[in-house]
Amino acid sequence: MEVTAKASVNESQLWGGGNKPLNASYGKMMMWFFIVSDALTFTGFLVSYGFSRFKNINSWPIADEVFTHFPFLHGVDAPMYYVALMTFVLIFSSVTMVLAVDAGHHMQKAKVTFYMLLTIIGGAIFVGSQAWEWKNFIKGEYGALETKGGQILQFVNAETGKRAAIQEFAVGIETDRTTHQSSNGIWYENETALPTVSLAGVKEGFVANTDLVIRTQQLDEKGQKTVLTREESLLKIEESMYVVEGANLIRNEYGNRLFADFFFFITGFHGFHVLSGVVINIIIFFNVILGTYERRGHYEMVEKVGLYWHFVDLVWVFVFTFFYLV
Amino acid sequence: MAAEGHKLAIFRGLLKFKSNQQKIWGVLIFLSIVTTIEVALGIIKPEILMGSFLRMKILNWIFIILTLVKAYYIAWDFMHIRDEKNGFKNAIVLPLIILIPYLAFILLIEADYIFEVMKDGFVSWNF
């Protein structure tokens, strides 16, 4: 670009906007166009999430009941506070990033270094938080049964309306069933760890505890999950086929199977973006310390990586809305 | 470079900042307020906002609008779209503004149709 600028003799040969028609360097422009295409990728994911949700609009899990954990507060029902905290962390690391870009414009190396460091720390906290969120999601809390048709049956106390954990009321029944390893049996198939309680144990425990009823995944007019009567529950539990604890890519205790799939896929893809953003930030951080951009005469690389970092923040704003709020 | 070229007014000139750093902090405060409102609404869920508008809860519409407001300020002030030339601004924003609502529109309409079919169809999905 610079070379052509010097080679061209007279101004009139240049395009209207000069040699940088859009007043942006090649690298910055390409970062923007990458962001546009990446934004469309995330759009595809989030819209397909919306598709599945609208398709199952009367049986989708309620986010407030799924994400209720907060560090060091065991057993306290704290919906949303943790993700809100994560959102603030990410917005704040976006601010330190833009401050680094600004310091770069004024060629203040020390300030750029400091703000880049803060940004990296913020990003690391966010990725760590997301890992913790995943851990809770995968581990589950109450457990549930799944019917042949893939419906999730959860248990609540009829009087208090509180959720009941299957591990607590299930009866321990001796069973010969062991986890199937690939080393014994044909076709070298294996299975994941067996649930801590057996299906028969849960059924028996349910019959024994008369104050328990089943909560289905169907939503009523008020947007609450439908709770069956004791008689209906006793009939319904006979349809159950599996014990589900926590979540994996096949089934989850929270409700619709697609819910966990989309959760893993979209937050995972976003978390991967944050992780690569942190790695790129670290590379740029060391380049700043080594004085690469000081010698180059400008800090445009900081600006470019900043664009990417803000984009990650921007995506999170949407993921936050569509997964946790709406 | 672009350091001097920052436009320092937000809210259509209602709020003017003295320097770019000040503007950044100002936008941070604004984004924090919006996020706090979102979280508070999400926890309280006021009964008035549970009514339906265009087949979605009013509360959900508020969340989506607030999200778009946040997205606007992140893009305009943190990513400095405000300072870019109009042509560049449009090259970035227009494809997104055209394609995203279009995709959302056709897929959500289709999903709603599938929902009706599954609900009123002869096959039971609840077993």
Side-chain angles (χ1 to χ4, degrees), chain A residues 17 21-24 29 32-33 35-36 39-40 43-44 46-48 50-59 64 79-81 84 87-88 91-92 94-95 97-99 101-102 105-106 147-149 151 216 218 222-223 239 298 300 303 306-307 310-311 313-314 317-318 320-321 324-326, chain B residues 1-6 19-21 24-25 27-28 31-32 35-36 38-39 41-43 45 50 56-57 59-60 63-64 66-67 70-71 74-75 77-81 83-85 87-88 91-93 95-96 99-100 103-104 106-112 114-115 118-119 124-127:
Chain A
L22 296 171
N23 210 6
M29 211 147 116
W32 263 114
F33 291 147
I35 286 172
V36 169
L40 289 173
T43 306
L46 281 172
V47 170
S48 54
F51 178 88
S52 303
R53 190 164 167 172
F54 270 60
K55 189 177 141 187
N56 300 293
I57 195 80
N58 62 352
S59 63
D64 284 356
M80 298 241 300
Y81 292 101
T87 308
F88 279 119
I91 289 180
F92 197 76
S94 228
V95 167
M97 187 76 231
V98 73
L99 287 171
V101 173
D102 191 72
H105 284 155
H106 298 108
T147 65
K148 197 179 174 192
Q151 306 285 319
T216 64
Q218 298 299 317
K222 280 187 180 164
E239 293 173 16
H298 59 79
E300 206 186 69
E303 202 175 327
L307 283 178
H310 297 311
F311 170 69
D313 182 26
L314 196 63
V317 167
F318 284 92
F320 173 64
T321 301
Y324 298 97
L325 290 176
V326 169
Chain B
M1 269 193 53
E4 290 76 34
H6 290 302
S19 70
N20 195 36
Q21 276 112 314
I24 294 165
W25 289 113
V27 173
L28 169 70
L31 291 179
S32 305
T35 309
T36 312
E38 278 185 337
V39 173
L41 282 177
I43 291 167
K45 296 199 180 191
M50 298 310 260
M56 205 158 73
K57 277 184 207 151
L59 186 65
N60 289 357
F63 284 146
I64 291 171
L66 288 179
T67 304
K70 265 160 70 175
I74 290 173
D77 289 313
F78 288 176
M79 296 167 102
H80 301 300
I81 284 201
D83 306 328
E84 302 294 353
K85 282 199 161 186
F88 195 35
I92 293 160
V93 178
L96 299 176
L99 291 174
I100 294 173
L103 189 67
I106 52 172
L107 261 83
L108 295 186
I109 294 285
E110 185 68 16
D112 195 47
I114 295 175
F115 168 72
M118 294 207 316
K119 197 175 84 182
S124 169
W125 296 91
N126 185 13
F127 56 94

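Please read all numbers here as calculations on a predicted model, not as lab measurements. In what follows, chains carry the letters A, B, and so on, assigned in the order in which the sequence lines appear, proteins first and then strands, with residues in each chain numbered from 1. Computed from heavy atoms alone, side chains included, the values below leave out hydrogens, waters and symmetry copies.
With a threshold of 4.5 angstrom between heavy atoms, B:Leu99 approaches chain A through side-chain atoms but not through N, CA, C or O. Contact annotation for B:Glu110: both backbone and side-chain heavy atoms come within less than 4.5 Å of a heavy atom of chain A. Residue B:Lys57 does not touch chain A at all, counting heavy-atom pairs closer than 4.5 Å. Residue contact with chain A, scored on non-hydrogen atoms closer than 4.5 Å, is absent for B:Ser19. Contacts between A:Met29 and chain B at a heavy-atom distance below 4.5 Å involve backbone atoms as well as side-chain atoms.
If you take OG1 on A:Thr321 and NZ on B:Lys70, they are separated by 6.0 Å, rounding to the nearest 0.5 Å. Distance CG/A:Leu325 to OG1/B:Thr67: 6.5 Å, rounded to 0.5 Å.
Two residues are said to be in side-chain contact when any heavy atoms from C-beta on lie closer than 4.5 Å; A:Phe88 and B:Thr36 meet this criterion. Between A:Val36 and B:Val93, every side-chain heavy-atom pair lies at or beyond the 4.5 Å cut-off. Put simply, the side chain of B:Phe115 reaches to within 4.5 Å of the side chain of A:Asn58, judged on heavy atoms. A heavy-atom distance below 4.5 Å is not found between the side chains of A:Val101 and B:Phe78. Considering only heavy atoms from C-beta on, B:Leu107 stays 4.5 Å or farther from A:Phe54 through its side chain. Counting only heavy atoms from C-beta outward, the side chains of B:Asn20 and A:His105 never approach each other to under 4.5 Å.
In terms of heavy-atom proximity, B:Leu96 sits nearest to A:Ala39 at CD2-CB, 3.9 Å. In terms of heavy atoms, B:Val39 sits closest to A:Ala84 at CG2-CB, 3.5 Å.
The side-chain contact (heavy atoms from CB on, under 4.5 Å) check on A:Ile35 picks up A:Met31, A:Trp32, A:Leu307, A:Phe311, B:Met79, with sequence neighbours excluded.
Relative orientation of the B:Phe88 and A:Phe33 rings is perpendicular, given thresholds of 30° and 60° on the angle between their planes.
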